[in-house]
Visitor: 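Quick one: structure below, then a few questions.
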Amino acid sequence: MLTKLLKVDYLNPTNDIDKIKECANIIKLDGLVAFPTETVYGLGANAFSSNAIKKIYKAKGRPSDNPLIVHISNLEDLNLVVGSITQSAKLLMEAFWPGPLTLVLRKNKNIPMETSGGLDTIAVRLPLNNVAKMLIEESGPIAAPSANLSGKPSPTLAKHVIQDLNTKINAIIDAGACQFGLESTIVDVSNDTPCLLRPGSITISMVEKIVGKIDIDKSLHGKDFINESPKAPGMKYKHYSPNASITVVLGEESKVVKKIIELTKGNASHFNKVGILATDNTKIYYEDNGIVLSVGDRQKPNTIAYNLFRILREFDNYKVDHIFSEGFLNEGIESSVMNRLIKAAGYNIIYV
Ligand code: TXA
Ligand code: MG
């Protein structure tokens with residue numbers, strides 16, 4: 001199929017309302033449209049149509065038991081998607097919507113089992129990105145996973161969507177780079193105590209300021225805890241991986257740099273072509289030990305979240321066989337970055 005690429009002006013999306021309406025029509029007719037959100041690009045379809053939802057799983061090569069997030073453009077539409085709203089859900093919506101927070105609640109019977117991956121709960125969020133909001137206003141609730149092939153890093157630019165899904169979907173809305181760069185934080189609020197299922201730009205401490213102490217799903221504690229039924233089914237699948245394999249080196253900054261230099265200088269590694277995932281603060285130390293790319297500034301961890309998926313894809317363009325990556329702190333947004341990075345590395349970590 002021909003995939004139509006439509007550029008929309010992020011700052012003045014009303015100028016491009018015709019293109020947005022065209023895409024909303026595709027969704028109403030059970031087609032697939034990739035669109036920008038403030039987190040990553042999503043691959044959207046009509047949340048109420050099992051026929052349309054099946055196409056998402058097919059285009060991405062996604063296992064059908066991995067449920068989707070439903071995106072709404074206003075709070076009234078929430079009642080079309082969920083069955084009941086808990087008190088903690090209300091508080092978190094007030095605090096963080098529109099924004100990069102997904103809430104898991106009891107599912108409304110209108111939502112087909114294909115959308116919820118067979119679960120009786122449904123993940124829902126109200127995005128901040130204006131282009132996404134305008135699209136959903138025109139089409140109604142949109143179910144959308146990240147718009148990458150299953151297992152690949154999530155797309156933060158339209159060109160990443162083209163790389164993975166060109167000819168497999170009807171249209172892509174290109175409105176530039178995604179503001180946050182990591183997928184939304186997911187909190188299950190369907191029970192009494194909220195439970196963090198996936199960390200993101202909204203951090204645990206931000207959530208706990210609103211609803212008090214929350215549970216952390218045990219799959220987030222490491223690979224030994226990822227059993228056959230983590231609460232977010234997506235957690236058990238291979239994720240975020242570029243073509244190259246990855247080793248993360250974790251510890252005090254100076255020791256990490258020393259270890260990566262030792263692992264990459266001369267013929268130290270048995271890999272043909274090596275990549276080094278560095279930071280603005282450390283990249284000068286690696287000289288020509290490999291393809292050195294900076295993921296951002298340690299003093300501004302948001303920049304690391306913003307760049308991570310793009311940089312992982314860039315290493316593929318350089319055709320490196322293996323990436324040695326610096327690790328990040330286990331706090332704030334850096335812990336969300338680490339959650340993605342250690343999965344991309346298949347939990348291959350060296351502690352120094
Ligand atoms: O930022 C985001 O969340 C992006 C943009 C496009 O909104 N979407 C996204 O979707 O990251 P996806 O499909 O790549 O990740 C959704 C995650 C999966 O790990 C899935 O298992 C989990 O959400 N999930 C969805 N519904 C769930 C439910 N009812 N209970 C538990 N986990 C659920
Ligand atoms: Mg995804």
Side-chain angles (χ1 to χ4, degrees), residues 32-45 47 53 56-57 59-73 81-83 96-108 111 113-129 131-133 135-136 141-156 160-161 164-165 173 178-191 194-202 217 219-220 226 229-241 305 309 336 339-340 343-344:
L32 301 183
V33 176
F35 64 101
T37 81
E38 69 277 19
T39 58
V40 300
Y41 273 76
L43 177 59
I53 298 301
I56 290 185
Y57 288 100
K60 275 185 63 102
R62 179 178 175 111
S64 61
D65 68 345
N66 190 1
L68 308 179
I69 297 172
V70 176
H71 299 67
I72 55 174
S73 60
V81 178
V82 306
F96 300 114
W97 278 9
L101 176 71
T102 294
L103 298 173
V104 172
L105 283 161
R106 299 260 143 228
K107 179 177 102 51
N108 187 299
I111 295 284
M113 279 298 177
E114 283 80 3
T115 308
S116 68
L119 300 176
D120 56 8
T121 54
I122 189 74
V124 61
R125 83 181 189 93
L126 200 160
L128 181 64
N129 181 295
V131 178
K133 254 166 96 175
L135 176 70
I136 303 162
I142 294 180
S146 49
N148 51 283
L149 283 176
S150 201
K152 291 281 149 204
S154 297
T156 56
H160 302 154
V161 183
D164 280 16
L165 296 174
I173 300 178
C178 301
Q179 182 186 341
F180 291 99
L182 286 185
E183 309 89 339
S184 59
T185 304
I186 305 180
V187 181
D188 183 343
V189 281
S190 62
N191 294 308
C195 180
L196 179 78
L197 305 186
R198 181 174 70 183
S201 296
I202 291 175
D217 188 48
S219 71
L220 298 178
I226 297 179
S229 54
K231 278 204 179 159
M235 294 302 187
K236 69 175 183 267
Y237 295 109
K238 185 174 177 261
H239 251 96
Y240 316 120
S241 304
F309 289 138
S336 307
N339 168 269
R340 309 306 194 268
K343 276 195 199 158

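Both ligands and their constituent atoms are indexed starting at 1 by order of listing. Predicted model, so just to flag it, every value in this text is computed and none were measured. For the single chain, residues carry numbers from 1 onward in sequence order.
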Visitor: What atoms of ligand 1 come closer than 4.0 angstrom to any heavy atom of Thr39?
Guide: 1 (O), 2 (C), 4 (C), 5 (C)
Visitor: To the nearest 0.5 Å, what is the distance between OG on Ser184 and NE2 on His71?
Guide: 6.5 Å
Visitor: Give the atom numbers and elements of ligand 1 that come within less than 4.0 Å of a heavy atom of Ala123.
Guide: 25 (C), 26 (N), 27 (C), 29 (N)
Visitor: Taking distance alone, with no angle check, do Arg125 and ligand 1 share an N/O pair under 3.5 Å?
Guide: yes
Visitor: Measuring to the Mg ion (ligand 2), does Ser146 have an N/O/S atom at a distance below 2.8 Å?
Guide: yes
Visitor: Is there a polar contact between ligand 1 and Thr121, counting only N or O atoms under 3.5 Å apart?
Guide: yes
Visitor: Please work out whether any backbone atom (N, CA, C, O) or any side-chain heavy atom from C-beta onward of Leu197 is under 4.0 Å from ligand 1, and answer side chain, backbone, both or neither.
Guide: side chain
Visitor: Between Leu196 and Val187, does the side chain to side chain contact (heavy atoms under 4.5 Å, CB included) criterion hold? Intermediate values first, please.
Guide: CA-CA 4 Å; Leu196 179 78; Val187 181; 4.2 Å; yes
Visitor: Does the side chain of Thr121 reach to within under 4.5 Å of the side chain of Lys107, using non-hydrogen atoms?
Guide: no
Visitor: Report the C-alpha separation of Ile72 and Val124 in whole Å, then their side-chain angles, then the decisive distance to 0.1 Å, and conclude whether the side chain to side chain contact (heavy atoms under 4.5 Å, CB included) test is met.
Guide: CA-CA 7 Å; Ile72 55 174; Val124 61; 4.1 Å; yes
Visitor: Between Lys107 and ligand 1, find which residue part has any heavy-atom pair under 4.0 Å and reply side chain, backbone, both or neither.
Guide: neither
Visitor: As an exercise, identify every atom of ligand 1 less than 4.0 angstrom from a heavy atom of Ile69.
Guide: 3 (O), 8 (N), 9 (C), 10 (O), 16 (C)
Visitor: Taking 4.0 angstrom as the limit and counting only heavy atoms of Gly42, give me the atoms of ligand 1 inside it, by number and element.
Guide: 6 (C)
Visitor: Is there a polar contact, in the sense of an N or O pair closer than 3.5 Å, between Arg198 and ligand 1?
Guide: yes
Visitor: Does Gly181 offer a backbone N or O that forms a donor-acceptor pair with the side chain of Thr156 under 3.5 Å?
Guide: no
Visitor: Thr37 and Arg125: side-chain hydrogen bond (donor to acceptor under 3.5 Å, both in side chains), yes or no, with the steps?
Guide: CA-CA 11 Å; Thr37 81; Arg125 83 181 189 93; 3.0 Å; yes
Visitor: For atom 18 (C) of ligand 1, which candidate among Leu68, Val70, Asn66 provides the closest heavy atom?
Guide: Asn66
Visitor: Run the numbers for me: atoms of ligand 1, each under 4.0 Å from some heavy atom of Leu119, listed by number.
Guide: 28 (C), 29 (N), 30 (N)
Visitor: How long is the span from the CG atom in Asp65 to the OG atom in Ser116, to the nearest 0.5 Å?
Guide: 11.0 Å
Visitor: Could you go through Trp97 and Leu103, starting from their C-alpha distance and side-chain angles, then the distance that decides it, and tell me whether this counts as side chain to side chain contact (heavy atoms under 4.5 Å, CB included)?
Guide: CA-CA 10 Å; Trp97 278 9; Leu103 298 173; 3.8 Å; yes
Visitor: Can you tell me which portion of Lys60 lies within the under-4.0 Å heavy-atom range of ligand 1? Options are side chain, backbone, both, or neither.
Guide: neither
Visitor: Just which atoms of ligand 1 are under 4.0 Å from any heavy atom in His71?
Guide: 5 (C), 6 (C), 7 (O)
Visitor: If you measure from atom 23 (O) of ligand 1 to every heavy atom of Asp188, Asn148, Ile186, which option wins on shortest distance?
Guide: Ile186
Visitor: Is any side-chain heavy atom of Thr39 closer than 4.5 Å to one of Cys178?
Guide: no
Visitor: Minimum heavy-atom separation for Glu183 to Tyr240, with atom names?
Guide: OE2-CE2, 3.0 Å
